[in-house]
Number of protein chains: 2
Amino acid sequence: MPPLSALRAFSALVEAGSVVAAATQLGVTHAAISQQIRALEKALDLQLVSRVGRKMELTDAGRHLAEGVRRGFGEIQRAVEDVTDEQRQRPLQISTTSMFASSWLVPRLGSFRLAHPGVDLVLDPSPALRPLEPGGFDAAIRHGKGDWSGLEVELLLPAPLIVVASPELLDQANGAAPEGLAGLPWLSELEQNEASLFLSRQGVEKLACPGSVIHLPGNLMLEAARAGHGLAVVTETLVQADIDAGRLQIAMRDVSERAYYLVTRPGLQRPALRAFCKWVRREASVTPGRIVAAPRT
Amino acid sequence: MPPLSALRAFSALVEAGSVVAAATQLGVTHAAISQQIRALEKALDLQLVSRVGRKMELTDAGRHLAEGVRRGFGEIQRAVEDVTDEQRQRPLQISTTSMFASSWLVPRLGSFRLAHPGVDLVLDPSPALRPLEPGGFDAAIRHGKGDWSGLEVELLLPAPLIVVASPELLDQANGAAPEGLAGLPWLSELEQNEASLFLSRQGVEKLACPGSVIHLPGNLMLEAARAGHGLAVVTETLVQADIDAGRLQIAMRDVSERAYYLVTRPGLQRPALRAFCKWVRREASVTPGRIVAAPRT
DNA sequence: TCCATCATGTAAGTTTTTCTAACATTTTGG
DNA sequence: CCAAAATGTTAGAAAAACTTACATGATGGA
């Protein structure tokens, strides 16, 4: 094994993109970095970077090594942070979709705070699956098919996508066959989320009349749907109560098998994260995704 | 971040289990280790090991840190080996079940060697999912439900378990209803494999008469089955040719959804491994698991 | 085209870290 | 209860990593 300090210098060089930047990052002079890189290349008997003019470029071997070393140091850094006091109290950062957050997670948070009073939570309702970097997000709850490679994926709730609207609106659409839906306005979230992909898969752009798509924030969409302002694509699990109460009716359903997944980094988890995952699992099993009757019998 | 050398000393200490052993492992004196551990604990302001007499014991924080650091250094070590061994051409080590190896993998290996002449393969037909440690196995092909956490899992071939026997034997058993099978001898592999778990799940020990289970090496089992020596539990995919040719007939089938999976470590893969995985994927898609007619129509 | 500027490469000397050697301390097994 | 074996501790030696200082080469604007 080559000296670790040389590997760290190399990792910093790749991350920072230049020798001086890497030096600043590690709090040393550029000469230190330069020497370490040279020593590393000599120790491995291998060229890692090649310079064309002022531009730095990685060789294939360099790229491979950089990626592995970055991961390795990341893992170590995370482990160190986990046991260090400052990070012990760092709040759990959970990334999730805004709809899941408002409809499922937030209403249950009281139970979590009761069970784990010492753990602070930060919910980040973001559209995309944020990278679970060290120091960043601890876990994510995502909607999809569970095919995220390189991550620990655990099924929480089966959540097929459905199209809902208020009963009045559907009656008005006369039968609510797919063709009948064409004339109705669509409610769509501002950001990309679990539903927008469904809309594009189904070719809703073509179905809907121009000007009949209303964009609005996710948390307001359900209210708009209940008020009869249009069709909304949602996950069945989250609007079960509305359906049962007759406030919303199912107009269409997706055939693909989608669900909410708990996504974490493989490997170690700090105690607070373990507690959160355990809690989410239990909450999800208490309220399993129910199988409802066929739409519009 | 504490000094990396201290972390490595700590990692070695945990791995080796004692200060002297760790010192030997790193090629230094015991004093060096002792000092590094002390420095690390001071830097983290945290107790990592606690001694009761001569016995060393890890604290909770120590255990957590040790695990993370071990993973991290492992990842780094692997990356380094990948780029240094690229010249040395360490052979790919593939762990798989003996039946899959003999019936599927080996017959296709010619195509792989043709496509990648420079890559040496080592097949290890072992019953259990070997740990994919750095320097050890690169990939495994396993039979199961794909629920291996912490590993990259990719479905290769749907492979339901079935019970087969020669047509003559089944005729003799008169109808081959599950009850009719009770009197027939069972063929079983010596080692644990994809079939033995099925046997125990189905309670075959009770079904079969005492003395009527023949244990033999996996590669001989199919021949024995063809020769009419007994019932064999196999994956459908691997005996499709025998069934089509009428040499074997299906007597029972498992209901659970099982398949062969390509299992790798998450993260980086060296070029030879990437090539192998790609090849396996293509081979598997060329010969997809066919859906056959119901058994014994 | 040329020169100022900026990023990097190199070498010698200094600082810092890490290791060893030697000795002290503690525990275990006979 | 003592010898052996493992660990803890310290001062000084060895090794490493870093800084300073200077050299080289590329870039871009005058």
Side-chain angles (χ1 to χ4, degrees), chain A residues 1-59 61-63 65-66 69 72-73 76-77 80, chain B residues 1-59 61-63 65-66 69 72-73 76-77 80:
Chain A
M1 276 275 275
L4 290 169
S5 58
L7 287 169
R8 190 165 57 158
F10 176 62
S11 181
L13 172 65
V14 175
E15 244 178 87
S18 88
V19 177
V20 271
T24 335
Q25 186 178 312
L26 294 183
V28 294
T29 59
H30 69 96
I33 303 292
S34 186
Q35 285 175 107
Q36 294 283 29
I37 302 300
R38 194 145 39 94
L40 182 60
E41 289 190 323
K42 194 178 164 193
L44 295 176
D45 191 25
L46 196 65
Q47 196 178 6
L48 298 172
V49 292
S50 68
R51 324 209 128 274
V52 268
R54 188 179 290 184
K55 200 80 182 173
M56 185 192 75
E57 219 158 302
L58 288 170
T59 63
R63 214 182 335 275
L65 183 66
V69 166
F73 282 132
I76 291 172
Q77 188 191 333
V80 169
Chain B
M1 274 276 276
L4 289 169
S5 58
L7 287 169
R8 189 166 59 160
F10 176 62
S11 181
L13 171 66
V14 175
E15 242 178 271
S18 87
V19 177
V20 272
T24 332
Q25 186 180 311
L26 295 183
V28 294
T29 58
H30 75 270
I33 303 293
S34 186
Q35 286 174 106
Q36 294 280 31
I37 302 300
R38 199 145 37 95
L40 181 61
E41 289 191 322
K42 195 178 164 192
L44 295 175
D45 190 24
L46 195 64
Q47 196 179 2
L48 297 171
V49 291
S50 69
R51 319 207 132 278
V52 267
R54 188 179 291 182
K55 198 82 183 174
M56 184 194 74
E57 219 158 302
L58 289 170
T59 63
R63 213 183 334 276
L65 183 67
V69 166
F73 283 130
I76 291 172
Q77 187 190 333
V80 169

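Quick note: numbers below take in every heavy atom, side chains included, and nothing from hydrogens, waters or symmetry partners. Chain naming here is simple, since letters A, B, ... match the order of the sequence lines and numbering starts at 1 in each.
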note: B:Leu7, atom CG; C:dT17, atom C1'; distance rounded to Å ~ 15 Å
(Q) Donor-acceptor check, side chain of B:Glu57 to backbone of B:Ser50, threshold 3.5 angstrom: yes or no? (A) no
Taken to the nearest whole Å, CD/A:Gln36 to P/D:dT19 is 11 Å
Among D:dA17, D:dT19, D:dG8, the one nearest any side-chain atom of A:Val28 is D:dT19
Between CD1 of B:Ile33 and C1' of D:dT10 the distance, given in whole Å, is 18 Å
Regarding the side chain of B:His30, the nearest nucleotide among D:dA17, D:dC18, D:dT7 is D:dT7
To the nearest angstrom, the CZ-C1' distance between B:Phe10 and D:dT7 comes to 17 Å
> What nucleic acid atoms does A:Thr29 come within less than 4.0 Å of, heavy atoms only: base, sugar-phosphate, or nothing?
Replying inline: base
When rounded to whole Å, the CD to P distance for the pair B:Gln25 and D:dA6 reads 16 Å
message: Are B:Leu13 and B:Gln36 packed together at the side-chain level, in the sense that at least one heavy-atom pair is separated by less than 4.5 angstrom?
response: no
Note to self: Does C:dG9 have OP1 or OP2 under 4.0 Å away from a side-chain N or O of A:Ser34?
What the structure shows: yes
note: A:Leu4, atom CG; D:dA17, atom P; distance rounded to Å ~ 9 Å
Out of C:dA21, C:dC19, C:dG9, minimum distance to the side chain of B:Ala31 belongs to C:dA21
Between A:Val14 and A:Arg63, does the side chain to side chain contact (heavy atoms under 4.5 Å, CB included) criterion hold? Intermediate values first, please.
CA-CA 9 Å; A:Val14 175; A:Arg63 214 182 335 275; over 6 Å; no
**OP:** Give a yes/no answer on whether the side chain of A:Arg51 brings an N or O atom under 4.0 Å of OP1 or OP2 in D:dA26.
**Re:** no
To the nearest angstrom, the CG-P distance between B:Leu40 and D:dG8 comes to 14 Å
Practice task
With heavy atoms under 4.0 Å as the rule, sort A:Gln35 into base, sugar-phosphate or nothing.
Solution key: base
Check: Looking for any heavy atom pair under 4.0 Å, which part of the strands does B:Arg38 touch: base, sugar-phosphate only, or nothing?
Finding: base
note: B:Met56, atom CE; D:dA5, atom P; distance rounded to Å ~ 20 Å
Side chains of A:Ile76 and B:Met1: closer than 4.5 Å at any heavy-atom pair? yes
Exercise. Are any of the side-chain heavy atoms of B:Arg38 and B:Gln35 separated by less than 4.5 Å?
Worked result: yes
Assign each of A:Ala6 and B:Leu13 the nucleotide of DNA chain D bearing its closest heavy atom; nearer the 5' end lies the nucleotide of B:Leu13
